[in-house]
Amino acid sequence: AQSVTQPDIHITVSEGASLELRCNYSYGATPYLFWYVQSPGQGLQLLLKYFSGDTLVQGIKGFEAEFKRSQSSFNLRKPSVHWSDAAEYFCAVGAGIKAAGNKLTFGGGTRVLVKP
Amino acid sequence: GAGVSQSPSNKVTEKGKDVELRCDPISGHTALYWYRQSLGQGLEFLIYFQGNSAPDKSGLPSDRFSAERTGGSVSTLTIQRTQQEDSAVYLCASSLGLGGYETQYFGPGTRLLVL
């Protein structure tokens, strides 16, 4: 069964500092990997996704993530954090099997607080 | 264009009552998913629709939970005889239904509180 682990429940970062959120997955085949962000009271918004090709993926809002198969990781990074980046971030892996749909398995989330 | 919409946005009910939660997917999206977000369990998959069929219901936690989709569009998630542990945010997502790599677009959710 697929699983996703986000080791950090909370991260506090100063505005303008860099941010890295960790994600480790367990999946038998090539995974479809996603990062979503959830602002307070909002639904989930896709930041970026990976399913093949270049292992460094660029997303919206200045985020990027790197797929490392050897480490079963898909860490999310941003060089310079803005106050508006305060939110909860979810890493997810998709089954990717059309017949059974692409149900997502989510990690527990990392809540990011931004200090002025 | 219009995104995924859900109604109601908030629902308070008494233990033992039935509730219906509605999801309007993005027009043209044939795949529709329900997820539940709760403090204890995080974000978990409930059910997947392709068109009006539900090939994967593996996430429904009990037979009190059911869902249907009509006309390949609107979906309703019904919880019968609600329990306090059903309190959660219920999220709906839709996608084109063409492949596993595609983006799922999420609605704002319905926050359910069972007293």
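Order of the sequence lines sets the chain letters (A, B, ...), proteins ahead of strands, with each chain counted from 1.
B:Y33 contributes atom OH, which lies 10.5 Å from atom NZ of A:K103 (distance to the nearest 0.5 angstrom). Atom OH of residue A:Y36 and atom OG1 of residue B:T103 lie 6.0 Å apart, to the nearest 0.5 angstrom.
Aromatic ring centroids of A:F106 and B:Y35 lie under 6.0 Å apart.
Proximity to chain B is limited to the side chain of A:F90, based on heavy atoms less than 4.5 angstrom apart. For a residue to count as touching a neighbouring chain, one of its non-hydrogen atoms must lie under 4.5 Å from one of that chain's; by this rule B:Q37 touches chain A with the side chain only. Heavy atoms closer than 4.5 Å to chain A are found in the side chain of B:L91, but not in its backbone. Proximity to chain A (any heavy atom under 4.5 Å) is shown, for B:S95, by neither the backbone nor the side chain. For A:Q38, the part sitting under 4.5 Å from any heavy atom of chain B is the side chain, from C-beta outward, and nothing else.
Counting heavy atoms from C-beta outward, A:F34 and B:Q104 have side chains that stay 4.5 Å or more apart. For the pair B:E102/A:N102, no side-chain contact is recorded, criterion being any heavy-atom separation below 4.5 Å from C-beta on. Residues A:L44 and B:L43 have side chains in contact (heavy-atom distance under 4.5 Å, counting atoms from C-beta outward).
B:F49 and B:L21 fall within the same hydrophobic cluster, where Ile, Leu, Val, Met, Phe, Trp and Tyr residues are linked whenever their side-chain heavy atoms come under 4.5 Å apart, directly or through other members. In the hydrophobic clustering of this structure, B:Y90 does not group with B:F106; members are Ile, Leu, Val, Met, Phe, Trp, Tyr whose side-chain heavy atoms approach within less than 4.5 Å, directly or through other members. No continuous path of ILVMFWY side-chain contacts below 4.5 Å connects B:L60 to B:Y48, so the two sit in separate hydrophobic clusters. Linking Ile, Leu, Val, Met, Phe, Trp and Tyr residues whenever their side-chain heavy atoms come within less than 4.5 Å leaves B:Y105 and A:V37 in two separate clusters. No chain of hydrophobic side-chain contacts below 4.5 Å, direct or via other Ile, Leu, Val, Met, Phe, Trp or Tyr residues, connects B:I26 to B:L32.
Other residues, nucleotides and ligands contribute only 12 or fewer heavy atoms inside 6.0 Å of the CG atom of B:L39. Heavy-atom contacts from other residues, nucleotides or ligands closer than 6.0 Å to CD1 of A:I60 number more than 12.
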